[in-house]
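Only one structure is covered here, and it is reproduced in the block below.
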Amino acid sequence: DAGITQSPRHKVTETGTPVTLRCHQTENHRYMYWYRQDPGHGLRLIHYSYGVKDTDKGEVSDGYSVSRSKTEDFLLTLESATSSQTSVYFCAISPGQGAYGYTFGSGTRLTVV
Amino acid sequence: GQQLNQSPQSMFIQEGEDVSMNCTSSSIFNTWLWYKQDPGEGPVLLIALYKAGELTSNGRLTAQFGITRKDSFLNISASIPSDVGIYFCAGQLPAGTALIFGKGTTLSVSS
């Protein structure tokens with residue numbers, strides 16, 4: 001019942017290389033979000049989008065950039081990956097800012113070596 | 001930034017026991033939500049609460065929106081092995097910003 005898919009599901013990359021994670025939705029939701037999940041920290045917001053080409057920073061945005069050129073796609077880029085960016089990344093979508101709750105993707109496990 | 005204090009951090013219980021977990025904040029929230037995350041998957045919405053004092057059930061799950069609007073709790077009755085996972089609370093501030101998540105409660109159930 002996907003509606004939201006993340007790719008890749010797993011990735012291992014070297015320090016200093018650029019990495020792009022993709023989130024694709026078929027629900028036509030306005031809002032899309034990128035979170036990272038780390039032990040002891042829960043889910044922390046990296047960036048979010050409230051429309052095509054409209055994005056804003058979250059709590060832990062340093063070292064990350066995003067782009068949204070189409071309603072259905074939200075890309076997260078690590079310009080130069082560092083070991084501290086080893087994490088599980090989740091994309092989420094919502095018709096409104098939050099009151100309806102988010103639908104999450106299955107996550108991307110990124111390891112930076 | 002804003003924080004939600006979720007407790008306990010982890011719980012180890014026997015099958016059939018009841019479970020209670022809660023979230024508190026120093027800020028007022030307009031919406032409280034509870035999510036469950038199974039291993040290797042993204043969180044899934046369990047219950048959404050929209051009014052202070054609201055008590056909502058979903059099967060064996062019951063959640064309440066605190067009267068002060070600064071807290072919420074989730075109860076699970078008669079736990080079963082498939083209840084294992086991480087439970088997150090989340091809240092939305094009156095300004096209508098993105099959801100803020102607690103750090104999660106990891107639930108383990110032994111049969």
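Computation of the quantities below employed the complete heavy-atom set of this structure, encompassing side-chain atoms and omitting hydrogens, waters and symmetry-equivalent molecules. Per chain, numbering begins at 1; letters A, B, ... match sequence-line order.
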Roughly how far, to the nearest 0.5 Å, is the CG atom of A/L43 from the CD1 atom of B/I86?
8.5 Å

To the nearest 0.5 Å, atom CD of B/Q37 lies from atom CZ of A/F104 at 8.5 Å

Single-linkage hydrophobic cluster A/I46~A/L75, side-chain heavy atoms < 4.5 angstrom:
no

In terms of hydrophobic clustering (I, L, V, M, F, W, Y; side-chain heavy atoms under 4.5 Å; direct or indirect links), are B/L61 and B/F73 co-clustered?
no

If I compare all heavy atoms of [X] with all of [Y], which pair ends up nearest, and what's the gap?
| X | Y | result |
| --- | --- | --- |
| B/L99 | A/G101 | CD1-CA, 4.5 Å |
| B/K103 | A/G40 | CD-O, 3.2 Å |
| A/L45 | B/A98 | CD2-CB, 3.7 Å |

Atom CD of B/E17 with >12 non-hydrogen neighbours under 6.0 angstrom:
yes

Top contributor to chain A contacts, counting heavy-atom pairs under 4.5 Å, from B/P43, B/G42, B/G104, B/G40
B/P43

Counting only heavy atoms closer than 4.5 Å, note whether A/Q37 contacts chain B via side chain, backbone, both or neither.
side chain

Atom group of A/R9 that falls short of 4.5 Å from chain B, counting heavy atoms
side chain

Option among B/F101, B/F88, B/Y35 that satisfies the ring-ring contact (aromatic ring centres under 6.0 Å, His included) test with A/Y35
B/F101

